[in-house]
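Quick notes on the structure that follows.
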Amino acid sequence: MLGVLLGLYLNGYYENKTLIEAKEKALEQVLNEVSENEEILTSYNAALKNKFNPMMYLFSKLNEDGEILVHKNSIKIFKENSKNIISIENIQEKSADFYQIYGTFDFYLDSPLLFKGLSNVTWQSYKQTNYLSITNFRCLIDFEGLYELQQEVNKLNYNWRETFVNENFFENIVSRNKLAKQMRNLIIKQNLLLDLYKYRENVLKNCD
């Protein structure tokens with residue numbers, strides 16, 4: 001009987017040890033997903049920030065008809081402030097004091113986040129495993145909080161992208177204001193998420 005009990009104990013011990021080791025490897029995969037998301041978001045966030053102020057400046061020069069009008073004494077300033085957002089092709093006199101600017105709107109962003117959201121596949125998979133029962137509660141709360149903020153960023157990014165692609169914001173001041181607000185809120189939330197990403201190693205420590 002003692003031998004049977006000892007055998008059951010050892011089997012349970014090794015099964016539990018194997019499960020713990022598998023859990024730790026799975027959490028490393030979650031951490032890798034977070035790291036990859038951080039890398040992608042850092043680049044995307046920097047690109048959006050680089051476009052935001054020039055785009056707001058350009059919007060301030062649009063009249064009700066969507067024409068870019070610049071005071072004759074401000075052409076040089078306009079060129080400097082809008083160089084990241086418009087490629088000027090022609091400048092014509094509109095009135096005694098104002099010139100109309102013609103050009104190509106340049107808003108190229110080389111990022112996969114233009115077409116998809118930050119990934120949560122690995123974390124969702126983790127939550128469907130037996131590892132959940134042996135994972136520290138604080139660990140779960142921390143990771144879940146991070147991924148919830150990430151989903152907020154994904155939603156804001158989707159809404160901003162839909163406005164940018166589908167609405168004629170050059171000729172509609174309501175759409176311009178909507179786009180500007182969405183973009184500003186998106187950048188703010190991205191900044192919060194990037195700050196949270198920096199603490200991922202501390203989050204992992206709570207998972208022991």
Side-chain angles (χ1 to χ4, degrees), residues 34 36-95 97-121 145-198:
V34 171
E36 290 173 3
N37 285 340
E38 180 188 27
E39 182 178 355
I40 295 171
L41 184 60
T42 298
S43 176
Y44 185 54
N45 176 258
L48 284 178
K49 287 179 179 178
N50 186 52
K51 296 292 186 181
F52 182 74
N53 286 334
M55 188 166 75
M56 296 304 100
Y57 177 77
L58 177 63
F59 283 179
S60 72
K61 301 302 178 182
L62 293 173
N63 66 9
E64 294 180 354
D65 298 319
E67 298 171 330
I68 305 172
L69 299 181
V70 180
H71 193 276
K72 62 183 180 180
N73 296 329
S74 302
I75 297 296
K76 184 177 180 180
I77 296 174
F78 177 84
K79 289 180 178 179
E80 179 63 27
N81 290 342
S82 64
K83 62 184 179 181
N84 289 334
I85 205 72
I86 187 172
S87 299
I88 297 175
E89 298 169 356
N90 192 16
I91 301 176
Q92 294 183 1
E93 187 175 349
K94 182 73 173 180
S95 65
D97 294 323
F98 285 88
Y99 284 86
Q100 183 171 353
I101 309 296
Y102 297 88
T104 302
F105 186 56
D106 178 17
F107 204 92
Y108 176 73
L109 297 175
D110 184 16
S111 173
L113 295 183
L114 283 175
F115 312 103
K116 65 178 184 178
L118 295 160
S119 175
N120 67 349
V121 174
L146 185 151
Y147 275 95
E148 284 180 358
L149 180 56
Q150 187 175 282
Q151 287 304 104
E152 287 185 43
V153 169
N154 282 342
K155 183 177 180 180
L156 289 172
N157 188 50
Y158 174 83
N159 291 338
W160 169 81
R161 187 177 65 233
E162 287 296 295
T163 300
F164 184 85
V165 172
N166 297 319
E167 297 193 22
N168 190 0
F169 50 86
F170 269 101
E171 298 180 6
N172 188 321
I173 190 170
V174 174
S175 292
R176 284 202 297 276
N177 291 338
K178 177 182 177 182
L179 183 69
K181 182 179 179 179
Q182 288 177 328
M183 191 172 179
R184 184 182 295 109
N185 290 340
L186 172 60
I187 290 172
I188 290 172
K189 281 291 186 178
Q190 287 179 343
N191 290 340
L192 290 174
L193 181 57
L194 286 171
D195 286 341
L196 192 56
Y197 279 154
K198 295 175 183 177

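Any value given below was found using the heavy atoms of this structure, including those in side chains, with hydrogens, waters and symmetry copies removed.
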For Gln190 and Leu41, what are the C-alpha separation, side-chain angles and deciding distance, and is it a side-chain contact (heavy atoms from CB on, under 4.5 Å)?
-> CA-CA 8 Å; Gln190 287 179 343; Leu41 184 60; 3.7 Å; yes
Start with the C-alpha distance between Asn159 and Glu162, add both sets of side-chain angles, then the distance that settles side chain to side chain donor-acceptor pair (under 3.5 Å), and finish with yes or no.
-> CA-CA 5 Å; Asn159 291 338; Glu162 287 296 295; over 6 Å; no
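Between Lys116 and Asn157, the shortest heavy-atom contact is O-ND2, 4.5 Å. Summarising the geometry of Ala180 relative to Met56, their closest heavy-atom pair is CB-SD, 3.4 Å, with the distance given to 0.1 Å. Closest heavy-atom contact between Leu114 and Arg161: O-CD, 2.6 Å. Of all heavy-atom pairs spanning Asn37 and Gln150, the tightest one is ND2-OE1, 3.0 Å. Heavy atoms only, all atoms of each residue included: Lys178 and Thr163 are closest at CE-OG1, 3.5 Å.
Using a 30° and 60° split on the angle between ring planes, Trp160 and Phe107 fall in the tilted class, from 30° to 60°.
Distance OG/Ser82 to CD1/Ile88: 5.0 Å, rounded to 0.5 Å. Note: Leu118 CG to Glu36 CD = 11.5 Å, rounded to the nearest 0.5 Å. Ile91 contributes atom CD1, which lies 5.0 Å from atom CD1 of Ile75 (distance to the nearest 0.5 angstrom). Here the straight-line distance linking atom CG of Asn63 with atom CD1 of Ile173 works out to 10.5 Å at 0.5 Å rounding.
Annotation: side chain of Ile187 is in contact with side chain of Asn45 (closest heavy-atom distance under 4.5 Å). Put simply, the side chain of Asp106 does not reach to within 4.5 Å of the side chain of Ile85, judged on heavy atoms. In this structure, Ser175 and Asn168 have side chains that are not in contact, with every pair of non-hydrogen atoms separated by 4.5 Å or more. Put simply, the side chain of Asn120 does not reach to within 4.5 Å of the side chain of Asn154, judged on heavy atoms. Side-chain contact between Tyr197 and Leu146 is present, with at least one heavy-atom pair separated by less than 4.5 Å. The side-chain heavy atoms of Leu179 and Met55, taken from C-beta on, include a pair separated by under 4.5 Å. Side-chain contact between Phe78 and Ile68 is present, with heavy atoms from C-beta onward closer than 4.5 Å. Between Gln182 and Leu156 the shortest side-chain heavy-atom distance does not fall below 4.5 Å.
Within the structure, ring-ring contact (aromatic ring centres under 6.0 Å, His included) contacts touching residues 169-192 (residues at least two apart or in different chains) are Phe59-Phe169, Phe105-Phe170, Phe164-Phe169. Counting only residues at least two apart or on different chains, the salt bridge (charged side-chain N to carboxylate O under 4.0 Å, His left out) pairs with a member in residues 64-74 are Glu67-Lys94, Lys72-Asp97. Here salt bridge (charged side-chain N to carboxylate O under 4.0 Å, His left out) pairs that include residues 179-192, with residues two or more places apart or in two chains, are Glu152-Lys189.
Side-chain contact annotation: Tyr57 with Glu80, donor-acceptor N/O pair under 3.5 Å absent.
A donor-acceptor pair is defined here as one N or O able to donate and one able to accept, closer than 3.5 Å; no such pair exists between the side chain of Ser74 and the backbone of Ile77.
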